[in-house]
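These notes are about the structure you will find just below.
Chain letters run A, B, ... following the sequence lines, proteins first, then strands; residues in each count from 1.
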There are 2 protein chains.
Amino acid sequence: MNIDVPDIVVRRLPIYLRVLRRLQAEGVEETPSHMLAKTLGISAARIRKDFSHFGEFGQQGRGYQVKKLTVELQRILHVDNIWPLVIVGVGQLGHALAMYDGFQENGFRIVALFDNDPAKVGMTVNNVPIQHIDYLEGEIRRHQLQIAVLAVPASQAEAIADRLVAAGIKGILNYANITLRPRPGVIIQQIDPTIILQHMTYYLEQPRN
Amino acid sequence: MNIDVPDIVVRRLPIYLRVLRRLQAEGVEETPSHMLAKTLGISAARIRKDFSHFGEFGQQGRGYQVKKLTVELQRILHVDNIWPLVIVGVGQLGHALAMYDGFQENGFRIVALFDNDPAKVGMTVNNVPIQHIDYLEGEIRRHQLQIAVLAVPASQAEAIADRLVAAGIKGILNYANITLRPRPGVIIQQIDPTIILQHMTYYLEQPRN
DNA sequence: GCCTGTGAAAGGATTCACAGCG
DNA sequence: CGCTGTGAATCCTTTCACAGGC
């Protein structure tokens with residue numbers, strides 16, 4: 001049990017949580033670390049060490065109670081309540097994200113959508129109305145939103161990120177294919193499939209050509 | 001210069017490449033490591049050390065030539081030719097991915113789309129026809145495809161992954177919110193926004209509630 | 001002077017291996 | 001006996017700091 005937990009450990013917690021929820025859905029009530037380890041392709045020691053940063057959740061000789069561990073992880077990750085989200089940019093991608101059920105299922109609720117295209121304003125996606133981006137700051141402040149999903153073109157991403165941060169956003173999930181400049185006090189994470197694919201191709205051999 | 005390069009270094013190369021392409025688009029011809037470092041929010045030493053695994057690409061007193069370094073990184077990452085891709089699952093997300101320009105722009109071309117819904121078969125997205133999933137293995141073998149993007153429901157992901165691997169796929173980019181069982185000789189990477197958001201919330205405080 | 005490339009040092013993360021408990 | 005939790009050992013990554021070159 002340790003006060004300051006390495007970020008690399010925190011990153012793995014949501015992955016553990018996802019497996020545990022799946023086990024729970026399958027009716028599994030307890031599981032030892034080496035079963036989780038096998039499912040995830042990592043070592044059992046790492047799993048036990050990771051949990052040990054937060055307390056003692058297991059039972060010798062038996063393993064972990066799935067239900068109990070799930071609850072603990074949700075508490076640790078602050079996902080024991082619903083987090084409201086805003087999505088900025090309702091193009092193809094933003095639209096698909098707004099329709100995506102996974103957010104709801106994992107404790108996030110999309111409460112606002114913004115776009116700069118007047119033609120889209122007033123339309124609703126998944127029962128959430130699209131508002132003009134002029135109202136971005138007002139809505140963030142009104143709902144005290146902390147998390148934004150950024151799905152605008154790369155050329156606009158930095159400028160929108162500045163506006164989000166100025167309005168009080170503390171976490172940005174960026175889908176634009178640009179590395180956003182770091183901002184103090186703000187957690188910025190990136191999703192870019194081409195970055196991941198280029199990492200893969202390092203290990204692959206181009207066929208003919 | 002080293003034979004075996006740590007994976008963590010390889011993971012950063014696509015990020016460097018993206019910044020360099022951006023600099024090139026802006027007309028910047030050379031840049032020192034500390035400028036790249038500042039843009040990315042990491043240390044200059046790390047950048048120089050990363051490059052040093054592959055050779056000596058810089059000039060003392062001047063930095064790196066953007067054009068030259070770009071070419072070197074593309075070669076190292078095996079993205080100096082076009083990689084063909086297949087997308088499996090053409091729901092909201094698969095559709096958005098099929099429309100996404102970023103793949104083309106970064107050296108990937110979508111050559112086939114598959115879905116199990118007969119109503120979708122025959123429709124085209126971005127000029128690529130949707131085929132029934134029965135033809136999956138045949139097309140993968142015919143085009144000798146190595147990379148697949150998986151955008152099917154979580155419940156089907158493991159089964160489809162098995163089929164992909166049996167047909168010769170070596171890299172899977174998985175969008176389903178399940179951790180796929182590891183398969184020997186296959187690189188599996190995951191994109192799951194809720195995992196990233198749950199990592200963020202660890203560092204945020206839930207407001208009232 | 002500015003900047004790279006790199007050994008050496010420092011700092012982290014993972015695995016080992018086992019005491020201790022149910 | 002099976003499994004957790006954990007110090008110790010190992011392994012890996014980053015930073016430091018500077019020689020050497022433009």
Side-chain angles (χ1 to χ4, degrees), chain A residues 1-16 19-20 23 28-73 76 182 199 202-203, chain B residues 1-16 19-20 23 28-73 76 182 199 202-203:
Chain A
M1 180 99 177
N2 199 332
I3 290 291
D4 116 88
V5 179
D7 182 67
I8 195 155
V9 172
V10 177
R11 273 174 201 277
R12 285 191 291 259
L13 300 183
I15 296 170
Y16 300 148
V19 174
L20 289 166
L23 288 176
V28 178
E29 293 189 356
E30 48 185 42
T31 184
S33 59
H34 62 86
M35 287 306 284
L36 295 173
K38 202 180 168 196
T39 308
L40 294 169
I42 63 179
S43 82
R46 189 148 92 178
I47 290 176
R48 294 199 302 276
K49 194 76 138 200
D50 282 356
F51 293 158
S52 78
H53 285 97
F54 304 97
E56 309 195 356
F57 305 136
Q59 302 164 258
Q60 281 110 329
R62 312 208 40 137
Y64 298 90
Q65 281 181 256
V66 173
K67 173 73 182 171
K68 182 188 170 203
L69 190 52
T70 302
V71 170
E72 293 285 359
L73 288 180
I76 293 164
H199 165 240
Y202 176 84
Y203 296 102
Chain B
M1 181 96 176
N2 199 332
I3 290 290
D4 118 87
V5 180
D7 182 67
I8 197 156
V9 172
V10 177
R11 273 173 201 276
R12 285 190 291 259
L13 300 183
I15 296 170
Y16 300 149
V19 174
L20 289 165
L23 288 175
V28 178
E29 293 188 357
E30 47 185 43
T31 183
S33 60
H34 62 86
M35 287 306 283
L36 294 173
K38 201 180 170 197
T39 308
L40 294 169
I42 62 179
S43 82
R46 189 149 92 179
I47 289 175
R48 295 199 301 277
K49 195 75 139 198
D50 282 355
F51 292 159
S52 78
H53 286 97
F54 303 96
E56 308 196 356
F57 305 135
Q59 303 164 259
Q60 280 109 329
R62 312 207 40 134
Y64 299 90
Q65 282 180 255
V66 173
K67 172 73 182 169
K68 182 188 170 206
L69 190 52
T70 302
V71 170
E72 293 285 1
L73 287 180
I76 293 164
H199 166 239
Y202 176 84
Y203 296 101

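- When distances are taken from the side chain of A/Ser52 to each of D/dT6, D/dG20, D/dC3, the shortest belongs to D/dT6.
- Each of C/dC3, C/dT14, C/dT6 was ranked by its minimum atom distance to the side chain of B/Arg48; first place goes to C/dT6.
- Rounded to whole Å, the distance from NE2 on B/His34 to P on C/dG1 is 15 Å.
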Checklist entry - Can you check side chain to side chain donor-acceptor pair (under 3.5 Å) on A/Tyr202 and B/Asp7, steps first, answer last? => result CA-CA 10 Å; A/Tyr202 176 84; B/Asp7 182 67; over 6 Å; no

Checklist entry - Which is it for B/Leu20 and B/Leu36 under the side chain to side chain contact (heavy atoms under 4.5 Å, CB included) test, yes or no, and what are the steps along the way? => result CA-CA 9 Å; B/Leu20 289 165; B/Leu36 294 173; 4.3 Å; yes

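- For B/Lys49, whose side chain is taken as the heavy atoms from C-beta onward, the closest listed nucleotide among C/dT15, D/dT4, C/dA8 is C/dA8.
- In this structure, the nucleotide among D/dT15, C/dT15, C/dC21 sitting nearest to the side chain of B/Ser43 is D/dT15.
- With rounding to whole Å, A/Gln59 atom CD is found 15 Å from C/dG20 atom C1'.
- Atom CZ of A/Phe54 and atom P of D/dT6 are 13 Å apart (whole Å).
- Atom CD in A/Glu56 sits about 14 Å away from atom P in C/dG20, given to the nearest Å.
- Picking from C/dT15, D/dT14, D/dC3 the nucleotide with the shortest atom distance to the side chain of B/Arg46 gives D/dT14.
- A/Tyr64 comes within 4.0 angstrom of the backbone, heavy atoms only, and of no base.
- Rounded to a whole Å, the CD atom of A/Glu72 is 16 Å from the P atom of D/dT4.
- Atom pair A/Gln65:CD and D/dT4:P shows a separation of 13 Å (rounding to whole Å applied).
- No donor-acceptor contact under 3.5 Å links the side chain of A/Arg62 to the base of C/dG22.
- Picking from C/dC21, D/dT14, C/dC3 the nucleotide with the shortest atom distance to the side chain of B/Arg12 gives D/dT14.
- Of all heavy-atom pairs spanning A/Ser43 and A/Ala37, the tightest one is C-CB, 3.7 Å.
- For the pair A/Lys38 NZ and D/dC3 C1', the computed distance is 17 Å after rounding to whole Å.
- Atoms CD (B/Gln60) and C1' (D/dC18) sit 13 Å apart, rounded to a whole Å.
- Between A/Asp50 and A/Arg46, no side-chain nitrogen of the basic residue sits less than 4.0 Å from a carboxylate oxygen of the acidic one, so the salt-bridge criterion is not met.
- Within the 4.0 angstrom heavy-atom criterion, only backbone atoms of the sugar-phosphate kind lie near A/Phe57; the bases stay farther away.
- Residues A/Leu69 and A/Phe51 form a side-chain contact, since some pair of their non-hydrogen atoms from C-beta on lies under 4.5 Å apart.
- Closest-nucleotide positions on DNA chain C for B/Phe51 and A/Val9 were compared, and the one nearer the 5' end corresponds to B/Phe51.
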